[in-house]
Amino acid sequence: MTDTAIKVEDAAEPSALAALKIGPLPITVYVPAALVCAAAVYSGKLPNDVIGGLSVLMLLGFLLGKLGQTIPLLKRIGGTAIMCLFVPAALVAYGLMPETALKAMATTFRTANFQYFFIACLVAGSILGMPHRVLVQGFLRMFVPLLVGTLSAIAIGVTVGLLFGHSPKETFFFVIIPIIGGGLAEGVLPLSIAYAEMLHRPQGELVAQMVPAALLGNVVAIVAAGLLARLAEKRRDLNGRGMLVKTGDDDILGPARSDHPIDLGLLGAGIVLSCVLFVLGMVLAPYTGIPGPILMIIAAVALKLTKLLPAEMELGAYQINKFMSTNLTFAILVAMGALLVSWQQLVASFNPGYIAICTTTVLAMVTSGFFVGKWLNMYPVEAAIVTACHSGLGGTGDVAILGAADRMGLMAFAQIATRVGGAIMIVIATLAMKVVY
């Protein structure tokens, strides 16, 4: 090799390093930023507020997301969501997460309720960014695969439970229902209260019994969503690219085209719309008995169908949706893993029978959604992913599932599947327990 060639190679190395990115940050920016944040954490100077919390969450989220996208096998099964959820959970469980960082995360995620701000922006943008026909057809058709998927999940789950020596009652009430009940706060918590009254058992004992099923079911749904996304890359006929219903029109965003220039003023309008719709849901919830997030969806759908909003306002909601999903999804997943996922409970649930019941329950639901969706002229991959969200851990579980499939635009449909589907299952389980027990 000549001296000239060596010099060229040497000159190319710094540019190759500079081209490496962790999230949107070049590594030459990421490393100093991470060092500053680490110094603040270990010196106890990290602000215990949204600034400190987002610094930790975004830097850690970008890193774990990059690893999830890079590790060969993991990247094919939703590795970004898996890494962002379970690495922080393990760090907390083994005492490796600094207390200062954990407090700042909790302040951002819980006290400041940043998770709901994130979900509000996703829901409002995904609804207001859809064409009318996609919105109407999607909401009308999604309940069919959801119903068939739920019945299939119950039948398969109970059958597999019998094979491993579990009674149908035990499998249905304590494994299947926690998986499809809408999450922890919305599902397991009210279930545990109802079960405790009817079975005369301590609520804490029942929560501990049901939480592993909900967690493990969500993990299976995340992996399934990741695999569905890989299938969509190979089979374009199955891939709606985030659109649920086949309409014969590739322009799935209507006036909110993805190639429209970013308008900073409209981003502000999108934030205001998202927040006001969420507040409206919270205000009306006590008077209607309907959960606030569902009322938010109803209000957004009404705005879209009545065409009361100018097209540029819809564009603003869509653009803030894209901004949030692009930059903050990994951060929200890290917060979920550190603050909501119990590593000990997850590990304790790993026995063959329990894993088999949870896995087959979710896979039966996803498979049903795939084939029923295809029959209903929906995109099978998207129909299966939305059906998988029926086993999500509330809104944050939907973020993990959709994040694994890179289908955050389906958030509105996912929320319906999780919250409405979960609420229906809680009512059915409570009434059934009164009869059975």
* To do: Go through Leu339 and Leu102 one step at a time and tell me if the side chain to side chain contact (heavy atoms under 4.5 Å, CB included) criterion holds.
  => CA-CA 8 Å; Leu339 302 172; Leu102 200 59; 4.0 Å; yes
* Quick one: do Leu410 and Met142 satisfy side chain to side chain contact (heavy atoms under 4.5 Å, CB included)? Show the steps, please. => CA-CA 12 Å; Leu410 294 172; Met142 65 172 285; over 6 Å; no
* side chain to side chain contact (heavy atoms under 4.5 Å, CB included) assessment of Leu309 paired with Lys304 -> CA-CA 7 Å; Leu309 282 178; Lys304 182 70 180 181; over 6 Å; no
* Output, in order, the C-alpha distance, side-chain angles, deciding distance and verdict of side chain to side chain contact (heavy atoms under 4.5 Å, CB included) for Val334 and Leu64. => CA-CA 9 Å; Val334 168; Leu64 294 175; 4.2 Å; yes
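Side-chain atoms of Ser391 never come within 3.5 Å of backbone atoms of Ile179 as a donor-acceptor pair (strictly under, hydrogens ignored). Judged by distance alone, the side chain of Asp49 and the main-chain N or O of Gly52 form a donor-acceptor pair under 3.5 Å. A donor-acceptor pair under 3.5 Å is absent between the side-chain atoms of Arg407 and the main chain of Val381, judged by distance alone. Distance alone, capped at 3.5 Å, places no donor-acceptor pair between the Thr326 side chain and the Phe323 backbone. Side chain of Arg201 to main chain of Leu199: no donor-acceptor pair is present (N/O by atom type, distance under 3.5 Å, no hydrogens or angles).
The shortest side-chain heavy-atom distance between Leu280 and Leu295 does not fall under the 4.5 Å cut-off. With contacts defined as side-chain heavy-atom distances shorter than 4.5 Å, the pair Thr361/Thr171 does not qualify. Proximity of Leu431 to Val435: side-chain heavy atoms (C-beta onward) are nowhere separated by under 4.5 Å. Counting heavy atoms from C-beta on, the side chains of Leu57 and Phe114 never come closer than 4.5 Å. Between Phe117 and Leu328 there is no side-chain heavy-atom pair separated by less than 4.5 Å. Proximity of Asn239 to Glu382: side-chain heavy atoms (C-beta onward) are separated by under 4.5 Å at one or more points. Residues Val87 and Leu67 have side chains not in contact (no heavy-atom distance under 4.5 Å, counting atoms from C-beta outward). Annotation: side chain of Val219 is not in contact with side chain of Leu215 (no heavy-atom distance under 4.5 Å).
The minimum heavy-atom distance linking Leu303 with Thr306 is given by the pair O-OG1, 3.4 Å. Smallest separation of non-hydrogen atoms from Tyr354 and Val175: CE1-CG2, 4.0 Å. Between Ser325 and Leu122, the closest heavy-atom pair is CB-CD2, 3.8 Å. Nearest heavy atom pair, residue Phe174 against residue Met433, reads CZ-CE, 4.4 Å. Minimum interatomic distance between Gly161 and Ile357 (heavy atoms only, all atoms of both residues): CA-CD1, 3.7 Å. Across Asp398 and Ala414, no two heavy atoms sit closer than the pair OD2-O, 3.3 Å.
Distance check: Thr387 OG1 to Leu147 CG gives 10.5 Å after rounding to the nearest 0.5 Å. A distance of 11.0 Å separates OG1 of Thr100 from CE of Met105, quoted to the nearest 0.5 Å. Atom SG of Cys121 and atom OH of Tyr318 lie 14.5 Å apart (nearest 0.5 Å). Of the inter-residue distances, the one linking Lys66 atom NZ with Cys84 atom SG reads 13.0 Å to the nearest 0.5 angstrom. If you take CG on Leu91 and CH2 on Trp343, they are separated by 9.5 Å, rounding to the nearest 0.5 Å. Taken to the nearest 0.5 Å, the CD1 atom of Ile154 stands 7.0 Å off from the CD1 atom of Ile428.
The number of heavy atoms from other shown groups lying within 6.0 Å of CD1 (Ile51) does not exceed 12. Enclosure of atom CZ in Phe164 by more than 12 non-hydrogen atoms of other residues, nucleotides or ligands within 6.0 angstrom is indicated.
Not less than 6.0 angstrom separates the ring centroid of Phe62 from the ring centroid of Tyr30.
Residue pairs satisfying the ring-ring contact (aromatic ring centres under 6.0 Å, His included) criterion with at least one member in residues 209-245, sequence neighbours excluded, are absent. Pairs passing the side-chain hydrogen bond (donor to acceptor under 3.5 Å, both in side chains) check and including a residue from residues 148-166, sequence neighbours excluded, read Thr150-His390, Ser152-Ser368, His166-Glu170.
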